Amino acid sequence: MIIQPRTRGFICLTAHPEGAAENIKNQIEYVKSKGEIKNGPKKVLVIGASTGFGIASRISAAFGSGAATIGVFFEKPASEGKLGTAGWYNSAAFEKEAHSAGLYAKSINGDAFSDEIKEQTIALIKKDLGQVDLVIYSLASPRRTHPKTGVQYSSVLKPIDQPFTNKTVDFHSGVVSDISIQPIESEDDIKNTVAVMGGEDWKFWIEDLKAAGVLAEGVKTVAYSYIGPELTYPIYRNGTIGRAKDDLEGTVPAINDILKDLHGISYVSVNKALVTQSSSAIPVVPLYISLLYKVMKEKGIHEGTIEQMQRLFAERLYVDGDVPLDEKGRIRVDDLEMRADVQEEVSKLWDQATTENLEEISDIAGYRDDFFQLFGFNFDSIDYNKDTSELVQVPSLAE
Ligand code: NAI
């Protein structure tokens, strides 16, 4: 099959297996180039393991500290004549690389919000690993079916008190325009978004894993959050998704309580804004990211998901002594993004940004490149006119 990018808005409908493999290899090379993560994790469960921060976490654990990994994700498998999703091909490539490096790696494809997938994961840990010493929670989803009530919740990306008008960009065309987003219609919008992206499911996972005895003494668990600059507050941190992040961060004490007798601990890590399938869906954010990339690249402090996760492991989670935390008890790897000089420059560029000057003052080209690379496109080493087999399978998918 000839596999070319086919997009609809911020979604790419196709994914290239060989390009995905290239993406994974590059991330592995980066982690290896940074050397061993001392006292790093050995047996790791990654929930949301196939794309974005999740796959980068899995790679950091496996290739940074030789960890055995179980990855849970929700991806469309490849079948005859039908492409799999990017996360499917990423996971296939990751497992192949891990296995040839002699590392244990198995995956579970299904709805992580369900009790059934939690049970299946626990059974696999019991059978193969006994216990895990790190649980990464990196789900990003637009909806969740509640496992106890069967109610389906859909998240929304809306401001809360008033309409929000600001600039946004169509990153394909480079057209900068104003967008007005209406605020929530009722408190239900907040409730639904919290139900999908808040902390309840993370807590359910930890409760179930603990009850099954599959968490090791001293276990750590980490979920990911975002804060960002004031200009995105109305749509992000002070919007419906921000409420969900408040809820996620607010779950830390309850999870610590569950882990107390194991001397375990939970953290939220606030990560940098990066191009992922999830962030490209948020209005205003892609323009911010393209300006941020420009400023951070010029200063030589740009990081992608793999640089962020390798640093999270090596310089935060597994340092000698105390894990460095902010005043609210959170890990911060968004420190470089939030630096005053970076934010001042982004803010100046934000005021200037128009369709006419965008290519020049922003790194919209880098944004596009990252976006297409998420789906295995835009790699110089791949010939996209070559016939490529779509039928690439994840080798150790648990049934
Ligand atoms: P992503 O869209 O790249 O990855 C989401 C992962 O969740 C994928 O592995 C997907 O298969 C999995 N998933 C989704 N629904 C599932 C389900 N029902 N069952 C099993 N797996 C499911 O997202 P990204 O951006 O890596 O986000 C991960 C976390 O990082 C989120 O909490 C997000 O808010 C946070 N974050 C993202 C930032 C960004 O700029 N992208 C910045 C800071 C935090």
Side-chain angles (χ1 to χ4, degrees), residues 24 27-28 31 37 39-75 87 90-91 94-95 98 103-109 112-113 117-118 121-122 124-125 129 131-141 197 199 201-210 214-216 218-226 245 248-249 251-252 255-256 258-259 262 264-272 274 276 278 305-318 323 330-333:
I24 297 302
Q27 295 194 41
I28 292 171
V31 170
I37 297 166
N39 305 316
K42 288 294 165 218
K43 295 177 182 180
V44 181
L45 169 62
V46 183
I47 303 157
S50 52
T51 56
F53 285 111
I55 186 83
S57 305
R58 193 174 189 186
I59 292 169
S60 298
F63 290 90
S65 72
T69 59
I70 292 177
V72 179
F73 46 75
F74 208 5
E75 300 292 343
N90 285 344
S91 302
F94 169 81
E95 277 200 9
L103 297 169
Y104 172 99
K106 286 192 184 175
S107 304
I108 292 176
N109 189 27
F113 295 129
I117 289 296
K118 290 182 176 75
T121 308
I122 287 167
L124 183 62
I125 298 172
L129 303 179
Q131 294 183 323
V132 290
D133 54 63
L134 175 67
V135 179
I136 296 288
Y137 187 84
S138 187
L139 290 186
S141 173
M197 288 296 285
D201 182 62
W202 183 26
K203 185 162 151 269
F204 282 175
W205 267 100
I206 300 301
E207 276 172 353
D208 290 1
L209 293 163
K210 165 85 190 307
V214 295
L215 297 178
V219 64
K220 295 182 197 233
T221 181
V222 190
Y224 300 140
S225 189
Y226 183 64
K245 291 302 184 193
L248 181 82
E249 292 172 18
T251 309
V252 163
I255 294 184
N256 283 343
I258 301 170
L259 299 178
L262 291 172
I265 188 153
S266 66
Y267 297 103
V268 161
S269 170
V270 182
N271 300 343
K272 178 194 181 193
L274 282 167
T276 66
S278 297
T305 46
I306 194 64
E307 288 85 355
Q308 280 266 293
M309 295 299 95
Q310 196 279 339
R311 189 156 69 91
L312 169 66
F313 280 58
E315 296 179 26
R316 298 289 189 275
L317 280 176
Y318 294 98
V323 172
R330 301 171 296 205
I331 294 175
R332 304 295 296 263
V333 283

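Note that the structure is predicted; figures quoted are calculated from it, not measured. Atom set for the values below is all heavy atoms of this structure, side chains included, hydrogens, waters and symmetry mates excluded.
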Which donor-acceptor pairs under 3.5 Å do the side chains of residues 60-68 make with protein atoms, sequence neighbours left out?
unit_1 : atom_1 : unit_2 : atom_2 : d
Ser60  : OG     : Ala56  : O      : 2.8
Ser60  : OG     : Gln310 : N      : 3.4
Ser65  : OG     : Pro41  : O      : 2.7
Ser65  : OG     : Ala61  : O      : 3.3

| request: Supply the atom-to-atom distance Thr121 OG1 to Ile108 CD1, rounded to the nearest 0.5 angstrom. | output: 3.5 Å
| task | For Ser266 and Leu259, work out which heavy atoms get closest and say how close. | result | N-CD1, 4.3 Å
| Looking at residues at least two apart in the chain, or sitting in another chain, which of them share a ring-ring contact (aromatic ring centres under 6.0 Å, His included) with Tyr318? | none
| query | Are Trp205 and Val135 close enough that some pair of their side-chain heavy atoms sits under 4.5 Å apart? | reply | no
| Just wondering, do Val222 and Leu134 contact through their side chains at under 4.5 Å, heavy atoms? | yes
| task | With the side chain counted from C-beta on, respond yes when Tyr224 and Leu312 share a heavy-atom pair under 4.5 Å apart, and no when they do not. | result | yes
| Does a donor on one side chain and an acceptor on the other come within less than 3.5 Å for Trp202 and Thr221? | yes
| task | Quick one: list whatever passes salt bridge (Lys or Arg N to Asp or Glu O under 4.0 Å) with Lys118, sequence neighbours left out. | result | Asp201
| remark: For Tyr104, the ring-ring contact (aromatic ring centres under 6.0 Å, His included) test, sequence neighbours excluded, returns none
| field | Closest approach of Ser141 to Met197 (non-hydrogen atoms, all atoms of both residues) | value | N-SD, 3.6 Å
| query | Could you give the distance from CG (Leu139) to OG (Ser278), rounded to the nearest 0.5 Å? | reply | 10.0 Å
| Could you give the distance from CZ (Phe74) to CD1 (Ile117), rounded to the nearest 0.5 Å? | 8.0 Å
| side chain to side chain contact (heavy atoms under 4.5 Å, CB included) between Ile136 and Leu45: does it pass, once the steps are laid out? | CA-CA 6 Å; Ile136 296 288; Leu45 169 62; over 6 Å; no
| task | Quick one: closest heavy-atom pair of Ala216 and Gln131, and the distance? | result | CA-OE1, 3.4 Å
| Does Gln308 offer a backbone N or O that forms a donor-acceptor pair with the side chain of Lys272 under 3.5 Å? | no
| message | Contact between Asn256 and Ile265 at the side-chain level, heavy atoms closer than 4.5 Å - yes or no? | response | yes
| task | Answer yes or no: is there a side-chain heavy-atom contact under 4.5 Å between Phe313 and Val31? | result | no
| task | Compute whether any side-chain donor of one residue and acceptor of the other, for Glu95 and Ser107, lie under 3.5 angstrom apart. | result | yes
| query | Which distance, rounded to the nearest 0.5 Å, do you find between the CD1 of Ile55 and the OG1 of Thr276? | reply | 13.5 Å
| said: Looking at Asn90 and Thr51, would you say the former's side chain and the latter's main chain have a donor-acceptor pair under 3.5 Å? | reply: no
| request: Answer whether the closest heavy-atom distance between the side chains of Val333 and Val270 falls below 4.5 Å. | output: no
| query | Taking only residues two or more places apart in sequence or in another chain, which ones pass side chain to side chain donor-acceptor pair (under 3.5 Å) with Arg332? | reply | Asp326, Asp334
| task | Keeping the roles fixed (side chain from Ser269, backbone from Asn271), state whether a donor-acceptor pair exists under 3.5 Å. | result | no
| said: If you apply the rule salt bridge (Lys or Arg N to Asp or Glu O under 4.0 Å), what do you find for Lys203 with Glu207, and how did you get there? | reply: CA-CA 6 Å; Lys203 185 162 151 269; Glu207 276 172 353; 3.5 Å; yes
| remark: One should read off an interatomic distance between Leu209 CG and Ile125 CD1, to the nearest 0.5 angstrom, of 5.5 Å
| Taking the side chain as C-beta and beyond, is there a heavy-atom pair between Ile206 and Val219 under 4.5 Å? | no
| field | Separation between CG of Leu129 and CG of Leu124, rounded to the nearest 0.5 Å | value | 7.0 Å
| request: With sequence neighbours excluded, tell me which residues meet salt bridge (Lys or Arg N to Asp or Glu O under 4.0 Å) with Glu307. | output: none
| task | Please examine the side chains of Val268 and Val252, heavy atoms only from C-beta on, and report whether any two atoms are closer than 4.5 Å. | result | yes
| request: Work out which heavy atom in Leu317 is nearest to a heavy atom in Val323; give both atom names and the distance. | output: O-CG2, 3.9 Å
| request: Could you tell me which non-hydrogen atom of Gly54 sits nearest to which non-hydrogen atom of Ser138, and how far apart they are? | output: N-OG, 3.3 Å
